[in-house]
Amino acid sequence: MLRYALKRLGVGLLCLVGVSIIIFVAMRLAGDPTLLLLPDDATEQDRIELRQELGLDKPLPVQYAIFVTDAVQGDFGTSTRWKMPAMELVLARLPATLQLAGLAFLIAITIGLLSGVTSATTRGSVFDQGVRLGVTLGLAVPVFWVGLIFIMVFAVDLGWFPTSGRGSFAHLILPAVTMALNPAAAMSRLSRSAMLGVLGADYIKMARVKGNSEARVVWKHGLRNAAIPVATLAGIQLANMIGNTVVVETIFAWPGIGKLIIDAIFARDFAVVQAAICVVAAAYIILNLAVDLTYGLLDPQIRYD
Amino acid sequence: MTEHHVDMPAETLGAEAGLRRASIFRTLEDWPILPIILLLPIILFGVFGPLISPYDPSAVNPTVALRPPSWLTGDGLSHLFGTDYLGRDVFSRVIAGARASLLVSFFGVGIAGIVGITIGLVSGYFGGWLDTVLMRLVDIQMSMPAILLALLISAALGSGLATVIAVISIVFWTNYARVVRAETLSVKSRDYVAMARVLGCPDARLIRKHILPNVIDSALVVASLQLGAAVMLEASLSFLGLGVQPPAVAWGKMIAESKLYLAMAWWLPFFPGVALVVTVLGTNMFGDWLRDKLDPRLRNT
C-alpha cells in the first residue's frame with residue numbers, strides 16, 4: 001500500500017510539473033506582452049528595456065526556472081488589468097467557486113444515487129424508464145443551454161430566483177442545479193448498473209431470507225457492495241466540477257475563478273490566467289490522487305501495480 | 001480502459017440478447033435507426049446547407065427583427081424559427097451552424113485519431129522507455145480538465161476554425177492512445193504475430209499488416225464515442241466566444257448572443273440548443289450502438 005501511495009504521489013508530482021510546462025509554453029506562445037503593456041507609440045528601446053525588466057531576454061529554460069521558483073512561492077506576477085498580485089485575485093475568488101461546486105456536488109450525488117438505486121430496484125418500471133430517458137438526455141444537453149433556459153423560465157418568467165450574480169442563497173440555486181445536471185446523470189447511470197450487478201448476488205438473497213427489511217437490504221447490504229465504482233466516479237465528478245465552473249460561472253455572472261479565467265483571457269491578462277489555471281489544475285491533480293488512494297483503501301482486493 | 005475485461009465473443013452476447021427480445025428490438029439492435037433519424041437532418045444541413053437554407057444566414061433585415069416563429073403568429077412558413085435582433089432568419093442560421101459543428105468535430109476527432117492510434121501502436125509495440133515516456137505524457141495531459149486545456153490553447157493561438165480543430169485534436173488524442181496501446185499489448189502476444197516476427201517481418205510492416213487491423217475496431221468505437229463530446233466542446237468554446245469567427249455561424253455563439261433578449265425572444269436560444277441536443281444525442285447513441293456491435297468489451301469506457 002505504501003509503495004502504491006508513493007508511486008501515485010510521484011505520478012501526481014510529475015503531472016504538476018508537466019502541467020506547469022504546458023501553461024508556461026502556452027503563455028509564451030500567446031504573444032509578446034510588451035505589445036500589450038506599452039502604449040502604441042513606445043520606441044523599440046522601451047520594449048527592449050521592458051523585456052529585460054520582465055526577464056523575457058533570457059533563454060526559455062531559465063525563464064521557466066524563474067517562473068517555477070516564483071510560482072512555488074505564490075508569486076505569479078501582477079495583473080495588468082486589476083493592478084494587483086494575480087494570486088491574491090485568484091484566492092479572493094476561490095470561496096465563491098468552492099461554494100458553487102460544493103452545493104452542485106451535493107445535489108448531483110443525492111439525486112444521482114437516489115434515482116439510480118431506486119431505478120435498479122424497480123427495474124423495468126415506469127420510474128426506471130423515466131430515469132433512463134432522463135439520464136440519456138442529461139448527458140446530451142449542453143450546460144450553458146440549460147442554464148439559459150433556467151434563467152428564462154425560473155428567473156425572468158416566474159421570477160423565483162435572481163437572474164445572475166452572487167448574494168443571497170437564492171442566487172446559488174440556479175447555477176448549482178445547472179452544474180449538477182450532467183454529473184447527476186452520470187452518477188445515476190453508474191449507480192443503477194452497479195446496483196443491478198450486486199442485487200442478484202447470494203448475500204443479498206441471504207439478507208432477505210434473514211428477514212431484513214427491503215430498504216435495509218438495498219441501502220445497507222446492496223449499496224455497500226456497489227460503493228466502490230460509485231465512490232470513484234463521485235471523486236472524478238468532484239474534480240470535473242472545478243473545470244465546469246468556467247461555463248456555469250460565465251452564464252450566471254458568478255464571481256468565481258472560472259469567470260475570472262474567461263475575463264482574464266479576453267483582457268489578455270496572462271498573469272491571472274496562469275495563476276488561476278495553475279490553482280485549478282493543482283486542485284484537480286490532488287483530488288484525483290485522493291480518489292486513487294481512497295480507492296485502494298475501499299477495496300482490499302485491488303492490486304497495486 | 002478497464003482492467004476487468006469480460007472475454008466473451010460478440011456473437012454469443014448478441015445471440016443471447018436476440019433470443020430474449022422481441023423482433024422490433026432486434027431490428028433496433030441491428031440497425032442504428034434512432035441515431036440515423038436524429039442525425040440525418042443535421043448531416044443534410046451540414047452538407048447541403050446553402051441549398052436548403054431559405055435565406056442567407058448573414059442577411060440583415062431590421063424591419064423583421066425579433067419576430068417569433070412564423071407558424072405561431074399565422075404567418076405561414078416565412079420564418080420557421082423566428083428572427084434574431086438583426087432580423088436574420090434563425091432557421092437559416094441553425095442550418096449554417098450544422099456545418100461548423102460537424103466540420104470541426106469530424107476533423108478534430110479524425111486528427112486526434114491519427115495521432116492517438118499512431119502513438120498507441122508505437123507505445124504498445126515497442127514498450128520500454130518509449131512506452132513509459134508516452135504514457136506519462138498521456139497522464140500529464142489527462143491531469144488537466146479538458147475545458148481548461150482548451151481555454152489555454154485558444155488563449156495561445158487566438159480564436160478561429162483552425163484553433164478549434166487543433167483544440168479538439170489535442171484534447172481527444174489521449175483516449176485513442178490508451179485504448180489502442182492496451183489492444184496492441186494483447187494482440188502482440190498472439191502466436192501469429194510471434195510467427196511473423198520469427199519469419200523476419202520488419203517492425204513497420206508487422207504493425208501495419210498484423211496489428212493495426214486488429215485494433216482499428218476499438219479505435220473506431222473510441223472515435224464515435226468522442227464525437228458527441230467534441231460537438232459539445234466546440235459549442236462550449238463558441239459560447240465562451242472562443243470558437244469560429246463570423247461570418248461562420250456556430251450554435252454555441254447563437255445561444256450566447258441570445259442572452260440579452262431572453263425576456264422577449266425564447267426562440268433565439270431554444271432552436272440552436274435543440275439542434276445541439278439532437279446532434280449530441282444522435283452521436284452518443286450511434287457510439288453506443290457501434291460499441292455494442294464491434295467491441296462489447298469496451299462497455300465501461
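Note on naming: letters A, B, ... go to the chains in the order of the sequence lines (proteins, then strands), and numbering restarts at 1 for each one. Basis for what follows: all heavy atoms, side chains included, without hydrogens, waters or symmetry-related copies.
Inter-residue side-chain proximity for A:V153 and B:W266 is flagged as unmet; no heavy-atom pair is nearer than 4.5 Å. Looking at B:R136 and A:V11, their side chains come closer than 4.5 Å, going by heavy atoms from C-beta outward. For the pair A:V19/B:S143, a side-chain contact is recorded, criterion being any heavy-atom separation below 4.5 Å from C-beta on. In this structure the side chain of B:L148 reaches within 4.5 angstrom of the side chain of A:I261, judged on heavy atoms. The closest side-chain heavy-atom distance from B:L151 to A:I262 is below 4.5 Å.
Of the listed residues A:I251, A:I149, A:I22, the one with more heavy-atom pairs under 4.5 angstrom with chain B than any other is A:I251. With respect to chain A, the highest number of heavy-atom pairs below 4.5 Å among B:I153, B:L240, B:T279 belongs to B:L240. Chain B forms the most heavy-atom pairs under 4.5 Å with one residue out of A:G258, A:S193, A:P142, A:A281, and that residue is A:P142. Listed options B:L152, B:I147, B:L149 were ranked by heavy-atom pairs under 4.5 angstrom with chain A; first place goes to B:L152.
Rounding to the nearest 0.5 Å gives a distance of 7.0 Å between CZ of A:F266 and OG of B:S159.
Closest approach of B:M232 to A:V141, counting heavy atoms only: CE-O, 3.5 Å. The two residues A:M27 and B:A155 come nearest to each other via the heavy atoms CE-CB, 4.5 Å. Closest non-hydrogen pair, B:M142 versus A:Y284, comes out as O-CE2, 3.6 Å. For A:F144 against B:F239, the heavy-atom pair with the smallest separation is CD1-CD1, 3.4 Å. Closest approach of A:M152 and B:P269 over heavy atoms only: SD-CG, 4.1 Å.
Annotation: A:R8, atom CZ; neighbour count of heavy atoms from other residues, nucleotides and ligands within 6.0 Å is above 12. With a 6.0 Å radius and a threshold of 12 heavy atoms from other residues, nucleotides or ligands, A:F24 has its CZ atom above the threshold.
Neither the backbone nor the side chain of B:L137 comes within less than 4.5 Å of any heavy atom of chain A. At a 4.5 Å heavy-atom cutoff, B:S154 makes no contact with chain A through either its backbone or its side chain. Contacts between B:V231 and chain A at a heavy-atom distance below 4.5 Å are absent for every atom of the residue. Using a 4.5 Å cut-off between heavy atoms, A:I21 makes no contact with chain B at all. Contacts of B:D139 with chain A are made by both backbone and side-chain atoms, with heavy-atom separations under 4.5 Å. Heavy-atom distances place both the backbone and the side chain of B:I255 under 4.5 Å from chain A. With a 4.5 Å cut-off on non-hydrogen atoms, A:I23 touches chain B through its backbone and its side chain both.
Between the B:K259 side chain and the A:L148 main chain, no donor and acceptor come within less than 3.5 Å of each other.
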